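All remarks here apply to the structure that follows.
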Amino acid sequence: MFMFVKLPVRALRIVTVLPLVLLLWTCSSTTGGVRERATDLGIPLTDQDIELVNSVMSRVVSNALVDKSSTHLIDDALIKIRDAEDIPADRTRVDVGLNAALKDLDPYAVYLNADRTRRMRERLSGNFEGIGVFIGIRDDKLTVTSPIEGSPAMTAGLQPQDLITHVNGTPTQGLSVGEAAALMRGRRGTDVTITVRRKNQSPFDVSITRALITVPTASSRRYGDIGYVRLTQFTETTEPGLEEAVNKLVLDPIGIPKGFVIDLRNNPGGLTTQATAVADAFMETGLIWSTKRRGGEEARHYSATPGDITLGRPLVVLQNRGSASASEIVAGGLQGNGRAVLLGTRSFGKGVAQSHFRLGSNGTLRLTTLQFYKPDGTTVHKVGIQPDILVTQPEDDTEVADESKPLLGEADGSSCPEVDAVEAKDFQLRCAIALLRAGGAPAFMALHRTGS
């Protein structure tokens, strides 16, 4: 999840004076240290290499959520550069070594050279070439957050919570998210072999042909008197797409739906600006989320502005273990303000945000800089958000139920009425529609609580 904060030009000028001075001081004070330590370790570096290492390390020292001394960071980076092996054709020894050092600091941190920066921007715009899967780090293992709907990864059968142990035979243990993603991306029409470990199964290989991935981030449809909105991720087009999707339902000649289901299942996150705008679109007032910097220093609060695109109609938000990061901002904000009932299973639990630092022609540094919090001040990081009502799918295992600890209890998904055009095994969507038609959670739980 990535932070992009807009400030008025005048405010921006005022705010950036001191950080710029600090950064220039940091750069000038560490450049000599990088050169001297490289000489001590017998590592031949060009002036451009030294500039890159210094640029990355100075930003880490000043901005990272984890506090590390510059001496420790420089030594670790230089040793990783010295010992780097198996250098890909499109990268350098310094590139590989820097990323190895960043991985030790922060599983979501990554240095992207100019070419990889371009690919990252393509992905955030909603288009990229690859297999179409979102990934994260859980318990130090590369984990599928969710496959993109209609992508080669979904067609190949990849599932949330799958562990990816190898990509084309290269072990993923110790790789950052960015490094692993780079291995899986590539030109459309080319193949990549993914080694998967799934619960209660032996590891197996899946060969997937890469394609151009175009992600429709927002879509809607109608189930009788209920509106349904699906958000697949948070890119630059999500909030405008949401507005268009909801307007189709609100302006339907049949009449405005009596309630809306917002489906965030298997949505791995994306831009925090878009997540904030999406939550705000359904709220008139209230705190959506807040952030803290290193050492617990409070950074910012993000509150709703007047205007609800559903005109105050009841909301049910669907989430599962594939709902992460920016999705958790939306779910937490709507739940925390009593604006929506959360139904499904516990979310993924990625409660940290990354900032992008441009390094001129050298590329981009993505670095975890903030931890975010729900309106009640609690974190979601490594914890997730518990649903108000637990509803598991037929394929879910018992651990999902045990972990979720629903606030209002567990509902028997099989008891929720079937709905035309909804898959019979989609208990969560069936129950969300039943909840809205029942007029609220108490009436719904009276009918569908497990064991009733």
Side-chain angles (χ1 to χ4, degrees), residues 1-7 12 16 19-20 22-24 26-27 30-31 34 46 48-66 68 73-74 77 80-81 84 87-130 134-137 175-186 233-236 268-274 293 325-326 350 352-370:
M1 181 173 57
F2 316 120
M3 290 287 297
F4 294 93
V5 180
K6 289 185 177 179
L7 293 173
L12 183 63
T16 55
L20 179 59
L22 176 61
L23 181 59
L24 290 174
T26 305
C27 290
T30 57
T31 300
V34 172
T46 65
Q48 185 176 5
D49 292 337
I50 292 171
E51 179 187 358
L52 174 58
V53 174
N54 177 69
S55 294
V56 170
M57 291 299 107
S58 63
R59 284 163 175 79
V60 170
V61 169
S62 299
N63 299 283
L65 191 62
V66 178
K68 293 285 186 180
L73 289 168
I74 291 170
K80 292 289 198 306
I81 291 169
I87 313 300
D90 63 340
R91 298 172 65 189
T92 66
R93 177 177 297 277
V94 173
D95 180 337
V96 172
L98 274 175
N99 275 295
L102 288 170
K103 174 65 173 59
D104 287 346
L105 176 78
D106 167 10
Y108 296 101
V110 62
Y111 162 68
L112 303 166
N113 62 27
D115 185 56
R116 296 170 73 201
T117 294
R118 176 187 58 79
R119 295 200 296 264
M120 177 267 294
R121 289 174 180 163
E122 288 175 351
R123 182 172 63 81
L124 291 178
S125 71
N127 298 280
F128 61 96
E129 292 182 327
F134 293 104
I135 52 178
I137 302 293
L175 295 182
S176 68
V177 170
E179 290 172 320
L183 290 177
M184 288 184 279
R185 286 194 294 264
Q233 63 171 318
F234 294 92
T235 69
E236 296 168 356
L271 299 174
T272 60
T273 50
Q274 291 291 300
R293 299 189 185 95
S325 196
K350 179 180 180 288
V352 290
Q354 289 73 47
S355 297
H356 286 170
F357 298 89
R358 294 183 180 179
L359 306 175
S361 60
N362 287 325
T364 302
L365 170 66
R366 187 173 73 207
L367 183 68
T368 299
T369 57
L370 298 169

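Everything numeric in this text was worked out from a predicted model, so none of it was measured.
- Counting only distance, with no hydrogens or angles, the side chain of Asn63 and the backbone of Arg59 share a donor-acceptor pair below 3.5 Å.
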Item checked: Residue pair Glu51, Asn54: steps toward the side-chain contact (heavy atoms from CB on, under 4.5 Å) verdict -> CA-CA 5 Å; Glu51 179 187 358; Asn54 177 69; 5.8 Å; no
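- Nearest approach of Gly97 to Lys80, heavy atoms of both residues: O-CB, 3.3 Å.
- Between Lys103 and Leu175 the shortest side-chain heavy-atom distance does not fall below 4.5 Å.
- Between Leu65 and Arg293, the closest heavy-atom pair is CD1-C, 3.8 Å.
- Put simply, the side chain of Thr92 does not reach to within 4.5 Å of the side chain of Asp49, judged on heavy atoms.
- Here the shortest heavy-atom pairing between Asn362 and Gln48 reads OD1-NE2, 3.6 Å.
- Between Pro107 and Thr368 the shortest side-chain heavy-atom distance does not fall below 4.5 Å.
- By the 4.5 Å heavy-atom criterion applied to side chains, Lys68 and Leu105 are counted as neighbours.
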Margin query: Apply side-chain contact (heavy atoms from CB on, under 4.5 Å) to residues Val56 and Leu102 and explain how you reach the verdict.
Written below: CA-CA 9 Å; Val56 170; Leu102 288 170; 4.3 Å; yes
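- Checked by atom type and distance alone, the side chain of Arg93 pairs as donor or acceptor with a backbone atom of Ala84 at under 3.5 Å.
- Heavy-atom minimum distance, Leu52 versus Val94: CD2-CG1, 4.0 Å.
- Remark: Thr364 OG1 to Arg118 CZ distance equals 12.5 Å, nearest 0.5 Å.
- A heavy-atom distance below 4.5 Å is found between the side chains of Leu98 and Met57.
- Of all non-hydrogen atoms in Leu367 and Val60, the two that sit nearest each other are CD2-CA, 3.9 Å.
- Residues Val110 and Asn99 meet the side-chain proximity criterion, which asks for heavy atoms closer than 4.5 Å.
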Notebook entry, point to check: So Glu236 and Leu271, side-chain contact (heavy atoms from CB on, under 4.5 Å) or not? Walk me through it.
Noted result: CA-CA 7 Å; Glu236 296 168 356; Leu271 299 174; 3.8 Å; yes
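- Heavy atoms only, all atoms of each residue included: Ala109 and Ser176 are closest at O-CB, 3.7 Å.
- The shortest distance between side-chain heavy atoms of Asp106 and Val352 does not fall below 4.5 Å.
- When atom types are taken as modelled, the side chain of Ser325 and the backbone of Pro268 share no donor-acceptor pair closer than 3.5 angstrom.
- Of the possible polar contacts, one joining the Arg116 side chain to the Tyr111 backbone as a donor-acceptor pair under 3.5 Å is found.
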